[in-house]
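Remarks on the structure that follows.
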Amino acid sequence: MFNHKEIEKKWQKFWYSNKTFKTSSDDSLPKQFILDMFPYPSGAGLHVGHPEGYTATDIYSRLKRMQGYNVLHPMGWDAFGLPAEQYAIKTGNDPRDFTDKNIATFKRQIQDLGFSYDWDREVNTTDPNYFKWTQWIFKKLYEKGLAEIGYMEVNWCEELGTVLANEEVLNVDGKMVSEVGEFPVIKKPMKQWVLKITEYAERLLNDLDELDWPESTKEMQRNWIGKSIGAKVDFKIKDHDLSFTVFTTRADTLFGSTYCVLAPEHDLVQFITSNEQKLEVEKYIEFAKGKSDLERTELNKDKTGVFTGAYAINPVNGKEVPIWISDYVLSTYGTGAIMAVPGHDQRDYEFAKKFDLEIVKVLDGDISEEAFTGDALHVNSGFLDGLGKEEAIAKMIEFLEENKVGEAYVNYKLRDWIFSRQRFWGEPFPVIHWEDGTVSLVDDKDLPLELPEMDNIRPTGTGESPLANAKEWLEVIREDGVKGRRETNTMPQWAGSCWYYIGYILNEDGYINPESEHGQKLLKKWLPVDLYIGGAEHSVLHLLYSRFWHKVLYDIGVVHTKEPYFKLFHQGMILGTDGLRMSKSRGNVVNPDELVESHGADTFRLYEMFMGPLEGEKPWSESGVDGARRFLERVWRMFEFSECTDEKVLELDKVYHQTVKKVTADYDNLRFNTAISQMMIFVNEVYKIKKLPREYAVGFLTMLNPIAPHITEELNEKLGNDILAYSKWPEYDESKLIESTIEVVIQVNGKVRDKIKVSAKASDDAVKEAALTEKVKSFTEGKTIVKVIYVKGKLVSIVVK
RNA sequence: GCCGGUGUGGUGGAAUUGGUAGACACGUUGGAUUCAAAAUCCAAUGGGGUCAAACCCGUGCCGGUUCGAGUCCGGCCACCGGUACCA
């Protein structure tokens, strides 16, 4: 039995005090930037899911160091956010203390696992020295015209007097209510900072192609960006000097447009509603405010809507068509208005059937039961009659452009990013609103703009953040006597996580100015991130927002790669022993502390990597942990019973070289479970032979070191060698892997019937000949052999009739 | 609902390009060791069938392509992640 407590503490202390894993400033070595998604340090501490990805990157980092790379492998804290805010409001305590305490726990737990982080580069998003640069980037966005104030809809709860996160809103009978108290929640437009990510939509879409990311993640981002090519069409409103624009991908069906629908929030609704309809329209707008987008669109089974009393003029045929409002049209997609073509759009079809609106067939397909949305020749469409879809779309756009009533247009589902939160615990905006109506930014030399000390953080009841109560901080006076008020919104948690990979690079005992010569040198050296591992739950939002900021920084010359993260990998979730997601309420959360205490960090790391493929979801198992420990015990004993000899042990040649080959390839491809099983096979062989040549002993310890760094360093030290952390990665000799005889499977009509051993050098014909064994013949007898297929070195397939 | 994923023995999983399904572990059973036990070492272990073999069945379900399908195609089912203010 080895004493994990002693060994692990000893090596952790050694690495920490020697700064073994400090990033080298040596520019001659090739670099590897290996990054984890940094955690939100919750009050519950680390759970066993966190170290899964961290172990993977740690193995990879240790491998790359031994392969001669200069490795940057840092860790930090995404420490702003909702839970600390809620804790502060509930208890009256300062979120800073709470956050610092949680970080200390997380850090201790992570360090107990022996990860090879360069702790000199630790970042913390709530550290003013860090968020100084978050604010600086915001200023750059503002100066580039990418940050604007606009009225955007938020979840407003009148009773609670506060804006709620989607997470805090429940759906009861299709209505939004607060999680706390079940009070009504409505969509209410409020002044918000908005980042114009849509201006980058096309680049965010196109540059996905050059990334080594899971195809599924790229696909999700593509779908999220949601590019659709179509046209804008202008509709004049009868008896008003007003018009509105719709976006459509099927401009060719314009002759079939028999009504239009505006989103209930559409600006025009108030101007065009007739007196007779006014009451009903207002009632409907109220009704729609209480529904979430999801309920309004995808979950919407029963269409609702109200006629406004106004008519639009169809620009292609001059027909007067009624204008309705309905919640299935969203103000946030396209132009917030649609031309309804009930014959050829299913939602419009359902709506028209329900409200008995005219349906005109303009494509030659069956519309008796449902809308026909395919490609067919046009009918009832004037100059489009007889044309197919593509041709007709092109011709219609030509008509629209010639008559100045529309144009070709590309629409994205991607929406601009609401970048403000009505909260205390976030980065303050470096913005002052002056009483003369102007807005100015805080000067660079006055950054960071820190959060005020507040005795009691509480909601204001007006929808403003608790910062509105911090009078001294809030109110400023300009030299000319004009009064101003600081922005009371704060930035969302995304802000700090959008650029933290850059933070690590710049953090050399304080943050280097990214535009300085030294900062530039560092950024050019380290970017992009070579490997980024984190959960699939970040597939779209974090990764898309972060890519957007990176592109902006690229445009202003701060960074020099188009993309931040070159290779991305998602680790799967670790489930509870019951196969369900770990959660406090289920009581199935496993905390690593007890296991590290009882089994040791090496066992923990080994078990997590052996559980299954990194990307898969896997349930936790106690007995599996014991098995992992048993393997390490077996390794420990292997060095006790086997003579460590300087002689060659020919029986081990093949399995050793196989192991080097497989482990090297598997580590590189993040397939740790199969690498471990190969090392187990090697150990099993040594147990049979009871001899271990020195060269193979060191090679084996080197290979196991990235997974179980403490025990391998200890064994290696006992052998009298220098530390493994920077030793040379073993190489394999292909010639040792060649077999002289091979086993070939013989199939008859696809079923395995016999196996033969043949010389590796045997000719194809000789193998085919040898395949006709007595047993095989009993299956081919009385039948004609139609075909014989030989797959080299693997099988012979005989087809009979 | 929409987008993306997953489904293989009693259990975790392996099979990297269509070529021996179940590597390696866990568990179980048997043996060795021990006064005895734990630990350790060795062996067996998908299901049916058989004294043993032969043989049959088997990768969520239904169908297809192929000499050959866990792998490719079509249609389902179940579960998981995301769905823009949890991050």
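These numbers were taken from a predicted model, which means no experiment stands behind them. Here is how names work: the chains are called A, B, and so on, in the same order as the sequence lines, proteins then strands, and each is numbered from 1.
Within 4.0 Å of A:Glu743, counting heavy atoms only, lies at least one base atom of the nucleic acid. Among the protein residues, A:Lys187 comes within range of no part of the nucleic acid, since none of its heavy atoms lies under 4.0 Å from any strand. Among the heavy atoms of the strands lying under 4.0 Å from A:Met573 are primed sugar atoms or P, OP1, OP2 only; no base atom is included. Residue contacts for A:Arg753: at a heavy-atom cut-off of 4.0 Å it reaches the sugar-phosphate backbone alone, with no base atom in range. Backbone-only engagement by A:Glu219 is indicated by non-hydrogen atom pairs under 4.0 Å involving sugar-phosphate atoms exclusively. Using a 4.0 Å heavy-atom cutoff across all strands shown, A:Asp293 reaches no nucleic acid atom at all. Using a 4.0 Å heavy-atom distance criterion, A:Asn155 is classed as a sugar-phosphate-only contact. At the heavy-atom level, A:Leu414 lies under 4.0 Å from base atoms of the strands shown. When heavy atoms are screened at a 4.0 angstrom cut-off, A:Ser216 is found touching the sugar-phosphate backbone but no base atom. Residue A:Val163 is in base contact, counting any heavy-atom pair closer than 4.0 Å across all strands shown. When heavy atoms are screened at a 4.0 angstrom cut-off, A:Leu164 is found touching base atoms of the nucleic acid. Among the heavy atoms of the strands, none lies under 4.0 Å from A:Val540. Contacts of A:Phe779 with the nucleic acid, taken as non-hydrogen atoms under 4.0 Å apart, involve only primed sugar atoms and P, OP1 or OP2. Residue A:Gln221 is classed as having no contact, given no heavy-atom separation below 4.0 Å to the nucleic acid.
Using atom P as the reference point in both B:C76 and B:A69, the two lie 24 Å apart (nearest Å). Comparing the same atom, C1', in B:G13 and in B:U59 gives a spacing of 13 Å after rounding to whole Å. The separation of B:G82 from B:A14, taken at their C1' atoms, amounts to 30 Å, rounded to a whole angstrom. B:G49 sits 34 Å from B:U65 when the P atoms are compared, rounded to a whole Å. Annotation: B:G46 and B:C51 have their C1' atoms spaced 22 Å apart (nearest Å). Atom P of B:C57 sits at a distance of 13 Å from the matching atom of B:G70, rounded to the whole Å.
At least one side-chain nitrogen or oxygen of A:Arg630 sits closer than 4.0 Å to the OP1 or OP2 atom of B:G27. Between A:Asn684 and B:C24 there is no side-chain polar atom (N or O) within less than 4.0 angstrom of OP1 or OP2. Residue A:Arg637 places at least one side-chain N or O closer than 4.0 Å to OP1 or OP2 of B:C41. In this structure, A:Lys751 does not reach the B:G19 phosphate: none of its side-chain N or O atoms is under 4.0 Å from OP1 or OP2. For B:A84, neither phosphate oxygen OP1 nor OP2 lies less than 4.0 angstrom from any side-chain nitrogen or oxygen of A:Arg415. The side chain of A:Arg296 contributes no N or O atom lying less than 4.0 Å from OP1 or OP2 of B:G1.
With hydrogens and angles disregarded, a donor-acceptor distance shorter than 3.5 Å links the side chain of A:Lys218 to the backbone of A:Leu211. A donor-acceptor pair under 3.5 Å is formed between the side chain of A:Ser326 and the backbone N or O of A:Thr304. Judged by distance alone, with hydrogens and angles left aside, the side-chain atoms of A:Asn749 form a donor-acceptor pair with the main-chain N or O of A:Val800 at under 3.5 Å.
With salt bridges taken as basic N to acidic carboxylate O contacts below 4.0 Å, none links A:Lys191 and A:Glu464.
For RNA chain B, runs of at least 3 consecutive pairs of the Watson-Crick or G-U wobble type, with both hydrogen-bonding distances under 3.5 angstrom, map to B:1-7 with B:77-83, B:10-12 with B:24-26, B:27-32 with B:40-45, B:46-48 with B:55-57, B:60-64 with B:72-76.
Taking only distance into account, the side chain of A:Gln422 meets the base of B:C85 through a donor-acceptor pair shorter than 3.5 Å. Side-chain atoms of A:Ser797 come within donor-acceptor range of the base of B:C67, with a qualifying N/O pair under 3.5 Å. Judged by distance alone with a 3.5 Å cut-off, no donor-acceptor contact links the side chain of A:Arg581 to the base of B:C80.
If you measure from atom NZ of A:Lys757 to atom C1' of B:U20, you get 12 Å, rounded to the nearest angstrom. Regarding A:Asp754, its CG atom lies at a distance of 16 Å from the P atom of B:U20, rounded to whole Å. With rounding to whole Å, A:Lys787 atom NZ is found 10 Å from B:U66 atom P. For the pair A:Arg547 CZ and B:A84 C1', the interatomic distance rounds to 16 Å; values are reported in whole Å. Nucleotide B:C85 holds its C1' atom 15 Å from the CG atom of A:Leu170, rounded to whole Å. Atoms NE2 (A:His570) and P (B:G5) sit 11 Å apart, rounded to a whole Å. Going from atom CH2 of A:Trp224 over to atom C1' of B:C2 covers 11 Å, rounded to whole Å. Across the protein-nucleic acid pair, A:Asn166 atom CG and B:G82 atom P stand 13 Å apart, rounded to whole Å.
Glycosidic conformation, B:G60: anti, with the torsion outside 90° of 0.
RNA chain B is contacted by both A:Gly750 and A:Trp494; A:Gly750 maps to the nucleotide lying nearer its 5′ end (nearest heavy atom per residue). In terms of position on RNA chain B, the residue among A:Asp626 and A:Glu215 whose nearest nucleotide sits closer to the 5' end is A:Glu215.
A cation-pi arrangement, defined by a distance under 6.0 Å to the six-membered ring centre and an angle within 45 degrees of its axis, is absent between A:Arg605 and A:Tyr54. Geometrically, A:Arg347 does not engage A:Tyr328 in a cation-pi contact defined by less than 6.0 Å to the ring centre and at most 45° from the axis.
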#### Entry: Audit row: A:Lys661, A:Glu734, salt bridge (Lys or Arg N to Asp or Glu O under 4.0 Å) steps and yes/no
CA-CA 9 Å; A:Lys661 182 178 182 179; A:Glu734 192 76 52; 3.3 Å; yes
### Query
Given the rule in the salt bridge (Lys or Arg N to Asp or Glu O under 4.0 Å) test, do A:Glu265 and A:Lys187 qualify, once you have shown the distances and angles that lead to the verdict?
CA-CA 10 Å; A:Glu265 308 77 0; A:Lys187 293 267 178 201; over 6 Å; no
#### Entry: Derivation of the salt bridge (Lys or Arg N to Asp or Glu O under 4.0 Å) call for A:Lys688 and A:Glu685
CA-CA 5 Å; A:Lys688 280 180 197 151; A:Glu685 282 306 307; 3.6 Å; yes
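Between B:C41, B:A84, B:C86, one nucleotide has an atom nearer to the side chain of A:Tyr545 than all others, and that is B:A84. Of the candidates B:A23, B:G81, B:U20, the closest approach to any side-chain atom of A:Val752 belongs to B:U20. Side chain of A:Val745, nearest nucleotide from B:C85, B:A25, B:U20: B:U20.
Between the side chains of A:Thr490 and A:Trp425, no donor-acceptor pair of N or O atoms lies under 3.5 Å.
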### Protein-to-nucleotide contact annotation, 5' to 3' order, nucleotides 9-18 of chain B [B base; S sugar-phosphate only; - none; under 4.0 Å, heavy atom]
---BSS-B--
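Residues A:Trp620 and A:Tyr607 place their aromatic rings such that the two centres sit under 6.0 Å apart. A:Phe672 has its ring centre less than 6.0 Å from the ring centre of A:Tyr667.
Rounding to the nearest 0.5 Å places CD1 of A:Ile707 at 4.0 Å from CE of A:Met679. Here A:Met152 contributes atom CE and A:Arg415 contributes atom CZ; the two are 7.5 Å apart, rounded to the nearest 0.5 Å.
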